[in-house]
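Written out below as structure tokens is the structure these notes cover.
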Amino acid sequence: MKWTCLRMRFSSTRFPKPPHFFSLAFFTANTINTTKFEFRPFESSWYHSTSLAYSTNETAVGVLHAKAVTSGTFQNLKESNYILNLVVKSQDLAYAQKLFDEISDRDVRAWTILISGYARLGASTMVLDLFREMRIEGVPPNQFTLSSVLNSSSSTSDLQTGKIIHGWILRNGINLDIVLENSILDIYAKCGPFYYAKNLFELMVERDTVSWNIMVGAYLHVGDMENSLSMFRSLPHKDVASWNTIMDGLTRNGRGRAALELLYEMVRNGPAFNKVTFSIALILISSLSLTELGRQIHGRVLRFGFEKDGFVRTSLLDMYCKGGKMEKASLLFRKRPMDWSRMQKSKITESTTEIISCSSIVAGYIRNGEYEDALKFFISMVCGQVKVDRFTITSVLSACANTGILELGRQIHAYVQKVGHTMDFHLISSSIDMYAKCGILDDAWTIFKQTGNPNVVVWTSMINGCASHGQGRKAMWLFEKMMHEGIKPNDVTFVGVLTACSHSGLLEEGYKYFRLMKEVYGIKPKVEHFTCMVDLYGRAGHLDKAEEFIQENSLSHLTGVWRSFLSSCRLHKNIGLGKWVSETLLRLEPLDAGPYILFSNMCTANDEWEEAANVRGLMQQRRINKVCGQSWIQLKNEVHTFVMGDRSHPQDTEIYSYLDELNGRLKEIGYSSDGKLVMQDVEEEQREMLLGYHSERLAMVFGIIRTTSEMPIRIMKNLRICTDCHNFIKYTSQILLREIIVRDIHRFHHFKHGLCSCGDYW
DNA sequence: TTAGGGTTAG
């Protein structure tokens with residue numbers, strides 16, 4: 001099968017900037033038939049009644065402003081403040097600033113409107129500058145101004161600004177009402193030292209439910225679940241926000257079960273749900289994988305009429321995505337409100353709800369391993385002019401990494417650079433992983449080196465990159481450096497470093513790290529870690545130790561562990577033991593194709609042809625499906641996929657003729673195929689092995705034909721590479737002086753001058 | 001005062 005849906009390029013035409021609000025507004029104001037607005041300039045009540053309806057309608061705002069200017073009413077302070085407020089609500093601060101500058105005799109309200117606009121966008125420098133300017137102009141800030149600045153500091157975690165305003169309030173002896181006091185408390189609760197929030201709270205003469213809720217949140221923020229719960233229990237009056245705060249905090253701190261109990265309690269004895277409760281409840285249910293309960297909550301959402309709320313919609317959609325119910329999620333997505341198509345026609349969609357919904361869907365496909373669907377959906381987003389933000393990009397890079405679609409990954413990385421998205425740790429680790437998994441470890445290194453103070457996931461991505469490319473020592477060096485810099489490794493980091501040790505035969509080091517994980521970092525080993533250890537012993541040839549480890553740790557029910565062990569039996573040609581393990585696996589996984597294939601291969605390698613045929617027969621009798629071996633190569637923007645003996649490619653005659661010729665040339669310099677060496681889980685391809693038309697050879701030859709000699713050839717394969725193909729490619733790299741890179745299901749093989757980076761140890 | 005999406009392994 002061949003798929004070529006990736007014929008896309010990112011360019012300025014794909015991602016045009018949206019037309020600037022200011023110019024658009026004036027253009028339409030001058031051309032539109034304004035009579036339909038029934039503009040009556042002196043009636044402020046008209047402005048008032050239309051403000052809400054027009055607050056997101058750029059054209060209407062433009063018309064209002066244009067008319068206000070031409071009729072000379074713009075200098076009426078009350079009217080100009082209305083218009084300013086509308087523009088600020090539409091988030092075009094450049095336009096708002098221009099309007100503001102046009103207003104003479106600006107009052108405190110005008111200043112407050114503009115300040116709150118910048119505050120909502122998180123532009124704290126502008127907020128502070130304006131706050132300073134208004135005082136220089138002699139306009140005293142009121143409680144609304146102060147509250148607005150403080151709230152912005154709190155929502156953007158800008159403690160510094162909050163402290164400055166707080167200091168100013170104290171120095172000027174401003175009378176604090178409860179609202180302002182709560183705003184100050186909220187800043188320290190969210191970003192300040194906890195003890196400061198606690199002291200403020202205890203010093204408050206008057207406290208309302210909001211103050212108590214803020215303190216419950218403060219405890220949650222520092223991870224003190226017990227005190228937050230006990231404070232919640234002791235609240236004199238619990239309102240809906242109190243319940244929401246505690247349930248959300250518990251969910252975020254991994255206490256989903258406790259949060260669920262509270263949710264049930266709220267249904268029985270608490271206040272009615274609001275929109276926020278639904279959103280929190282859906283996230284909670286999603287984190288506990290209780291999709292059925294989620295479906296019931298969906299019913300309640302419909303009964304309450306909250307299905308159109310953006311937050312509730314995205315939480316619902318994400319719950320279905322995380323629960324693997326992609327069809328349900330797509331259905332919900334397609335039912336979106338009408339403004340979608342309107343916006344789609346005019347410019348890039350910037351509705352946060354739509355952007356988040358799209359990114360949830362992309363991530364949902366990826367979580368379910370449906371990478372191609374994820375990429376297709378992403379491309380439809382781009383074609384449908386939906387704004388692509390760094391959340392979506394992070395997911396899409398992960399899809400590129402897993403499918404090995406380097407060109408798309410590179411284009412997306414270039415796009416990130418071009419539009420200047422902030423490279424946060426999620427995006428950085430995703431990019432490192434993409435380059436590493438696409439075979440360009442150097443580019444992964446470049447990104448890693450450019451990252452200041454990488455977090456544990458970034459370190460882990462780089463360690464895993466080195467491990468998969470067989471650079472075990474480098475991975476260990478990185479791991480040591482990470483610990484030296486005070487970053488605590490997590491369970492995934494240990495999987496990476498143990499894999500690195502295993503793939504490079506670093507037995508002692510691997511054992512040391514396994515103990516370090518348990519004894520120093522207190523991480524309980526999971527199946528992956530046990531599998532790495534069995535792999536470590538087995539690969540190094542200590543099959544007895546590997547078996548002992550399995551028994552000691554009671555791992556004999558884990559198929560992954562036996563698979564790894566079997567792989568070591570193959571590597572060290574211990575056919576008898578391998579056959580025994582195959583039988584064990586067959587008992588453990590009677591419906592999985594893998595053990596049958598492995599068992600059959602073991603018998604073949606031991607000249608037990610009849611038994612091999614029996615196993616194959618049993619497999620057919622039980623109608624067990626096999627995974628089809630596929631290899632693919634990307635040239636320019638096309639992905640060419642091959643299966644064994646594939647004749648569907650347009651250039652198949654050329655490919656087969658070249659392959660036969662190459663086969664002859666390799667034999668002349670010593671290559672010979674050996675059926676007994678082939679004992680990998682490459683399934684059906686085995687039987688046709690002697691034909692020499694395995695998918696990776698077809699992909700490789702196609703690469704040779706279509707590229708120039710200095711270009712490395714990069715091939716991806718969905719199964720392990722077999723010994724014979726490994727040998728074939730080694731000889732090819734020698735005779736053609738070509739660098740050939742193969743990514744199989746476990747690791748990379750870099751073939752150069754007749755040698756492979758895995759050292760024939762995989 | 002309370003709410004939405006993303007990364008590393010397997």
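First the proteins, then the strands, lettered A, B, ... as listed; each starts at 1.
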Are the aromatic rings of A/Y513 and A/F479 close, with centres under 6.0 Å apart? yes
Base, sugar-phosphate, or nothing for A/I283, non-hydrogen atoms under 4.0 angstrom? sugar-phosphate
Nt span of DNA chain B in reach of chain A heavy atoms at under 4.0 Å, 5' end first, is B/dT1 to B/dG10
Would you call the rings of A/F377 and A/Y365 parallel, tilted or perpendicular, where under 30° means parallel and over 60° means perpendicular? tilted
Looking only at heavy atoms, what is the nearest atom pair of A/W459 and A/P454, with distance? NE1-O, 3.2 Å
Give A/G310 one of three labels, base, sugar-phosphate or nothing, depending on what nucleic acid heavy atoms sit under 4.0 Å from its own. base
Please say whether the positively charged group of A/K325, taken as NZ for Lys or CZ for Arg, lies over the ring of A/Y320, i.e. under 6.0 angstrom from the six-membered ring centre and within 45 degrees of the axis. no
Under 4.0 Å, counting only non-hydrogen atoms across every strand here, what does A/K238 touch: a base, just sugar-phosphate, or nothing? nothing
All N/O donor-acceptor pairs, side-chain side in residues 437-446 of chain A, below 3.5 Å, sequence neighbours left out:
| unit_1 | atom_1 | unit_2 | atom_2 | d |
| --- | --- | --- | --- | --- |
| A/K437 | NZ | A/D433 | OD1 | 3.0 |
| A/K437 | NZ | A/D433 | OD2 | 2.8 |
| A/D443 | OD2 | A/R410 | NH1 | 3.0 |
| A/T446 | OG1 | A/D442 | O | 2.9 |

Side-chain H-bond candidate by donor/acceptor type, A/S564 with A/T531, under 3.5 Å: no
Looking for any heavy atom pair under 4.0 Å, which part of the strands does A/D424 touch: base, sugar-phosphate only, or nothing? base
Does A/V495 reach a base, just sugar-phosphate, or nothing at all? Heavy atoms under 4.0 Å. sugar-phosphate
Heavy-atom closest contact (A/A329 atom, A/L317 atom, distance): O-CD1, 3.6 Å
So A/S461, base contact, sugar-phosphate only, or nothing? Heavy-atom distance under 4.0 Å. sugar-phosphate
Residues A/R233, A/E265: salt bridge by 4.0 Å N-O rule: yes
Counting only heavy atoms and a strict 4.0 angstrom limit, can you tell me which residues of residues 390-402 of chain A come near DNA chain B? A/R390, A/F391, A/T394, A/S395, A/S398
Treating A/N253 as the side-chain partner and A/G249 as the backbone partner, does any N or O pair qualify as donor plus acceptor under 3.5 Å? yes
Touch check for A/D318, heavy atoms < 4.0 angstrom, all strands: base, sugar-phosphate only, or nothing? sugar-phosphate
Touch class at under 4.0 angstrom, heavy-atom based, for A/R367 against every strand present: sugar-phosphate
